[in-house]
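To find a chain, count down the sequence lines: A is the first, B the second, and so on, and within it residues start at 1.
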Amino acid sequence: MKYDFSAIEKKWQDKWDADGVFNATEDYSKPKFYGLVEFPYPSGAGMHVGHIKAYSGLEVISRKRRMQGYNVLFPIGFDAYGLPTENYAIKTGIHPRQVTDNNIAKFTSQLKRVGFSFDWNRVVDTTEEDYYKWTQWIFRKMFDEGLVFRATTLVNYCPSCKVVLSNEDSQGGKCDICHSDIIQKSKDVWYLRITEYADKLLQGLDKVDYLPNIKLQQENWIGRSEGAFANFAIAGTDDSLRIYTTRCDTMFGVTFMVIAPEHPIIEKYRDRITNFDALEAYKTECAKKTEFERTQLVKDKTGVRIEGLAAINPANGKEIPIYISDYVMMGYGTGAIMAVPAHDERDFDFAKKFGFDIIEFIKGGDISKEAYTGDGEMVNYDFLNGIKTKKEAIEKMLAYLGEKCVGEKGIQYKMKDWAFNRQRYWGEPIPIVHCDHCGMVGVPYEELPLRLPNVENFAPGEGGESPLAKIDSFVNCTCPKCGKPAKRETDTMPQWAGSSWYFLRYCDPHNADAFASKEALNYWLPVDWYNGGMEHVTRHLIYSRFWHRFLYDIGEVPVDEPYAKRTAQGLILGPDGDKMSKSKGNVVDPNDVVDKFGADVLRVYILFMGDYASAAPWNEDSVRGCKRFLDRVAGLCDMASGNGVTAKLESAFHKTIKKVSLDIEDMKFNTAIATLMSLINEIYDCGSLTNDELGIFVRLLCPFAPHLAEEIWETLGNKGLCTLAAWPEWDDAKTVDSTVEIAVQVSGKLKFTKEIPVDTSKDDAIALVKADERMAQYLEGKTIVKEISVPNKIVNIVVR
RNA sequence: GCGCUUGUGGCGGAAUUGGCAGACGCGCCAGACUUAGGAUCUGGUGUCCCCGACGUGCAGGUUCAAGUCCUGUCAAGCGCACCA
C-alpha cells in the first residue's frame, strides 16, 4: 500500500468528526475513564511541539481505553483570560475578545490536524459568559463562607505588568508573566483564605496517586512546620511580643530579639522609642529592595536596634534588646523572632555583624565558626542541662511555657493566602459591591454573570487601577442589600480562577442551571488520570485542589480530591539541546512536521524520542526514522494474506500485545513503540503474515498512529472503525517459548550461552551445563566450590 | 544554603528491579538496485594490545554475580529560598 499520509489523515479526521466517535456518552451505566490534560492558554504564537507531547500521553491511554470498551471523557478547552492577550490587545488595538477568538481558532485547527481524540462537543472557553458565570458563582460561595477577605499588607507587585501577584505567581522573585523583578508594595487587596485549607491539602495527598516528586513539591510549598508560640514581655509595660519558633528548647540562649521592619509594635510605642526616625529610614530602605537584592545579601545582615524598648526572656527573666531587620518577615509566623546566635545560622550572622557574644548552649559543633543546629548535650541551660536530644528538650520546654502561661505549641505554614485581584481588564469581574452603609456585599446569585463590559481602552491606569474603574456605568450601582448608591469592585480575578474548576464543567458543559449536574459529577469524578507540566505543581494544581475541596465541603461535589492520579511530561528541547524559545529561534512548529511527515509520524516520534517524563532534544533525523517505520507498516499490506496464525510469529505477537498493553499503562510509550518496531522486523524476516495478524498489529498501533491504522483496517475489509475495534488480548501461555537461552558463567564471568528447555529445574540446568563440551576447558584441574542456578536465567559454576 | 532528580556507545535512549549491559531508533561503514538519491534493500557497528581483556561520572565496599544495593565523592538539571 502506498502511504499517502496527507490524503489518509484528512479522510479519517473527517470520518471521526462526522461519526462523533470521540464524544463521551451520557450512558452512565458503562465503566468510565476520565483522562484530563491541561487546557492551553491560546497565545498568539500558536502551539509548539511541547503542547503535542503534553497531550499525547493521555491521548494514547484514552484511545486504548475506548478500544477496551470504556466510556471515555477526554476533553479540551481554552484557558483564555490573561495578560499576554491583554498586552497584545493594548499594543495592537484589537479587542481581547477578537484576539482570543482568533487564537482559539488557530489552536483548534492545529489540534485537529494532529488527530487528537478530544471530545469537541465539550470544549470550554473560560472567557465565555456561561462559563465565567460559574467561576463567579464559586467565588460568591467562598465569599459567603468567609474565605474571601480584604486586607492591606505588603504584597508582591510587578511594576511592569502593574499588577499585584500571588505568592505562587512570584516564584523566584520574578513575575510569572513578564519575568521582571517583583517589588514589595503595601496595598489593599482581596485574599482567598487558602491557608485555612493547608492541612486538608496536605492530608489529601495521602490518598491520591501522584508522582512522588509532585507530592513532595506540594508538601514543601505548603510547608507545614510544628513549633511553639511564646510571649516575650516588653519591659515596663503589660504588653508582650509574640514570637514563633521551632526551637523553643534554645530559649535559654536567647540574647536578643528581631522583628520585621513593618511590625506594628513600632508604631504602637512610637512615644517610647527614641530613634523612631532611624527605624523609619531603615524600613523605607527595605521597601526599595527587590526580591533579588534581598536574597543577594543573605550573609550580610542589616538592622537597627530599637532604642527605648526592651524585652524580657521568659525563660530566665533577663532583659534583652530588640532589633528590626528585613531577615524577619511580617508574612510568616508572628513577624518577630527570638534570636539564639550559637544555634541558628541567621542569628549567628546577625550577632557577628552587631558584635553580640556567641555562647554555646548545645555541645557538638564549633560555634566559633558557624551556628550549630544539630543535637547535643545541653549546657548552661538550667533545668534542661544534660538532655541530649532536641525532641526531649522541646517537650520539657513546652511544658514549662504552658505552666508559666507564656507560650504554647503552634503550627505554621509557608503557604500564604492567595492574593486574588488583578488590576487588569481581561479577567472575570469580581462580583462584589462596596456600599458605604453595608460594607462589602456580594452581587446576588441571580444577577450572575456579572458581565465584563466592553471597553475601548484596556490599558491599566498609571496609579495601578483597573481599566474598569473608568467605566462609570459599570462602577456605579445600587447596593443589593440596602438599595442605596454603591460602587462595584473594578478589579478582576487572576488567570488561575477559570482553570481552578474547568474539569468540573467538562462533565456537563452545557448545563444552564448548575456548573454541572449531580448525576454527571457522580459519574465522572474523580478525574482518573491528569497529566500536565511540572510548572503547575505549586500553582494551578494547588489552587484547583483548594477550590475543589471547598466545593466538597459545601456539598457541591461528591469526592474530596479531584484528581486520582497525576503525572507529568518532560520538555521537548530544541535541536540545539536548549529550552525552546522564540528568542533562540529553536522552536519546532507541529504544522511543519505534519506537512512534511504527517501527523502519525509526529505522534509516534514525540512518544518514541525518550522517556515520557524526561526532557529530550528534537532531532529531525530521528523523525525520519519514525517515517521509515510507518512506511514499513504500510508495506505489510502487500505481505498479508489468508487468516489464522503464522507459526513462527505466534509467540512474538502475544509477547508484543502484552508488552505494548502494559507499557502504555506505565506511560512507557518509547518501549511500546520499540516493541512494535521489533515485531515488524521479525515479520519482515519471516516474509509473510496473515490478515488476522495484521489486524492485531494495526490495533496495537492505532493509539499511536490512528490514521494509518484506520486505513489498513479498512483495506483488511473491516466494516467498523479501528478506533472502536476491540483491543487485542494476549495469552500468557503463548508468550513463553519452549526453550530459553541461559547465560553460563564460570566464577562470575560469562563464558557462553546455552539453549535449554524452558523451566528446567535448577539441578537439571547445572547438570546440562556441566555436560556441555565447552565446559571441560574451564573445569580441568579446578575444584568446584559452588554452583548457582537461576531458572531461565543463568548458571554460574564457581571454581578454584 | 535546603530539598529533589539524573549521570550508560558518536547521539536519543533500553535493561523483566541483583542474573548475558547497550533493546529500539538515529548516525556511521560496506555492499546491492539505480542516470540519480536526504529513496529502498542486505550486512556490520561499545573500546582495546581483538583466540583475550576492559567497559554504565569517579573512589571504595557487599555478593557466586552490581548500571541496579551500601559508603564517600564529583558534575549537571529542577524546585524553594533569610520560613524563625
Side-chain angles (χ1 to χ4, degrees), chain A residues 171-173 212-214 216-217 219-221 223-225 227-228 243-248 250 258 260 291 294-295 297-301 325-329 331-340 344-347 349-350 412-416 534-535 537-538 570-571 573 577 579 604-605 608-611 613-629 631-632 635 658-659 662 668 670-681 684 741-754 785-799:
Chain A
Q171 297 183 30
N213 54 332
I214 295 177
L216 195 74
Q217 254 192 53
E219 279 167 12
N220 291 343
W221 187 256
R224 183 189 153 98
S225 127
I243 60 106
Y244 176 74
T245 179
T246 53
R247 293 295 306 274
C248 67
T250 62
V258 188
E291 203 73 29
R294 289 183 68 170
T295 52
L297 299 167
V298 169
K299 278 283 159 195
D300 188 24
K301 296 279 183 284
S325 173
D326 65 351
Y327 83 87
V328 175
M329 258 118 354
Y332 184 78
T334 60
I337 61 156
M338 58 177 218
V340 186
D344 180 280
E345 279 175 48
R346 294 147 308 190
D347 299 346
D349 294 337
F350 193 86
Q412 281 296 304
Y413 299 94
K414 274 199 230 178
M415 186 166 68
K416 293 179 185 162
M534 283 306 291
E535 70 276 15
V537 166
T538 54
L571 290 175
L573 305 173
K579 206 167 163 170
V604 168
Y605 172 65
F608 181 65
M609 59 196 297
D611 177 36
S614 310
W618 187 266
N619 179 341
E620 194 173 303
D621 281 333
S622 292
V623 179
R624 210 162 271 128
C626 292
K627 174 70 164 57
R628 226 166 272 161
F629 166 57
D631 283 338
R632 276 161 73 81
K658 180 176 183 177
K659 177 90 174 129
L662 298 179
K668 293 168 82 173
N670 54 337
T671 51
I673 293 166
T675 306
L676 290 171
M677 288 174 170
S678 293
L679 178 60
I680 208 167
N681 290 344
Y684 270 81
E741 196 176 60
I742 62 158
V744 178
Q745 296 182 339
V746 176
S747 300
K749 296 278 181 197
L750 177 72
K751 295 302 174 191
F752 56 88
T753 59
K754 184 173 177 64
V785 188
K786 204 168 180 182
E787 296 167 340
I788 292 115
S789 178
V790 180
N792 299 331
K793 298 268 187 215
I794 199 164
V795 167
N796 185 8
I797 310 287
V798 186
V799 298

Mind listing the N/O atom pairs, protein and nucleotides 41-44 of chain B, below 3.5 Å?
residue	atom	partner	partner atom	Å
B:C41	OP1	A:R632	NH1	3.4

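Other residues, nucleotides and ligands contribute only 12 or fewer heavy atoms inside 6.0 Å of the CD atom of A:E345.
Across all strands shown, B:C74 is found opposite B:G7 as a Watson-Crick or G-U wobble partner, with both distances under 3.5 Å. Base pairing analysis places B:C51 opposite nothing; no Watson-Crick or G-U wobble pair with both distances below 3.5 Å involves it. Using N1 to N3 plus N6-O4 or O6-N4 for Watson-Crick, or N1-O2 and O6-N3 for G-U wobble, each under 3.5 Å, B:U34 pairs with nothing. Taking a pair to require two hydrogen-bonding distances under 3.5 Å in either a Watson-Crick or a G-U wobble arrangement, B:A84 remains unpaired. Pairing of B:G43, defined by two Watson-Crick or G-U wobble distances under 3.5 Å, is identified with B:C29. With a cut-off of 3.5 Å on both Watson-Crick or G-U wobble distances, the partner of B:U16 is given as none. The partner of B:G79 is B:C2, judged by Watson-Crick or G-U wobble contacts that both fall below 3.5 Å. The nucleotide B:G67 finds no pairing partner, because no Watson-Crick or G-U wobble arrangement with both distances shorter than 3.5 Å includes it.
Among the nucleotides B:C24, B:A81, B:C64, the one closest to the side chain of A:W221 is B:A81. Side chain of A:N681, nearest nucleotide from B:C24, B:C64, B:C4: B:C24. Across B:C24, B:A14, B:C20, the shortest atom-to-atom separation from the side chain of A:D611 is found for B:A14. Listed nucleotides B:G38, B:C26, B:G19 differ in distance to A:V790; the shortest reach to its side chain belongs to B:G19.
Ring pair A:W618/A:Y605 is perpendicular by interplanar angle, where above 60° counts as perpendicular and below 30° as parallel.
Residue A:N796 is in base contact, counting any heavy-atom pair closer than 4.0 Å across all strands shown. Counting non-hydrogen atoms under 4.0 angstrom, A:L216 reaches the backbone sugars and phosphates but no base. A:G223 comes within 4.0 angstrom of no nucleic acid atom, judged by non-hydrogen atoms across all strands.
The gap from the C1' atom of B:G1 to that of B:C49 amounts to 50 Å, rounded to the nearest Å. Here, B:G77 and B:U62 have their P atoms 35 Å apart, quoted to the whole Å. Straight-line distance between the P atoms of B:C54 and B:A65: roughly 14 Å, to the nearest whole Å. For the P atom pair drawn from B:G61 and B:G67, the interatomic distance equals 15 Å after rounding to whole Å. The separation of B:G60 from B:A66, taken at their C1' atoms, amounts to 14 Å, rounded to a whole angstrom. When the C1' atom is compared between B:C41 and B:C50, the two are found 30 Å apart, to the nearest whole Å. Remark: the separation of the P atoms in B:C28 and B:A76 is 32 Å, to the nearest Å. B:U6 and B:G13 are spaced 14 Å apart, taking the P atom of each and rounding to whole Å.
Atom C1' of nucleotide B:A81 and atom CE of A:M415 are separated by 18 Å, given to the nearest angstrom. One interatomic measurement links the two molecules: CZ of A:R624 to C1' of B:G38, which rounds to 6 Å at whole-angstrom precision.
You won't find any donor-acceptor pair under 3.5 Å spanning the side chain of A:K793 and the base of B:C20, going by distance alone.
Heavy-atom nearest nucleotides on RNA chain B were determined for A:N220 and for A:I673, and the one closer to the 5' end corresponds to A:N220. Nearest-nucleotide positions on RNA chain B place A:Y605 closer to the 5' end than the other of A:Y413 and A:Y605.
Between A:D621 and A:R624 a salt bridge is recorded (basic side-chain N to carboxylate O distance below 4.0 Å).
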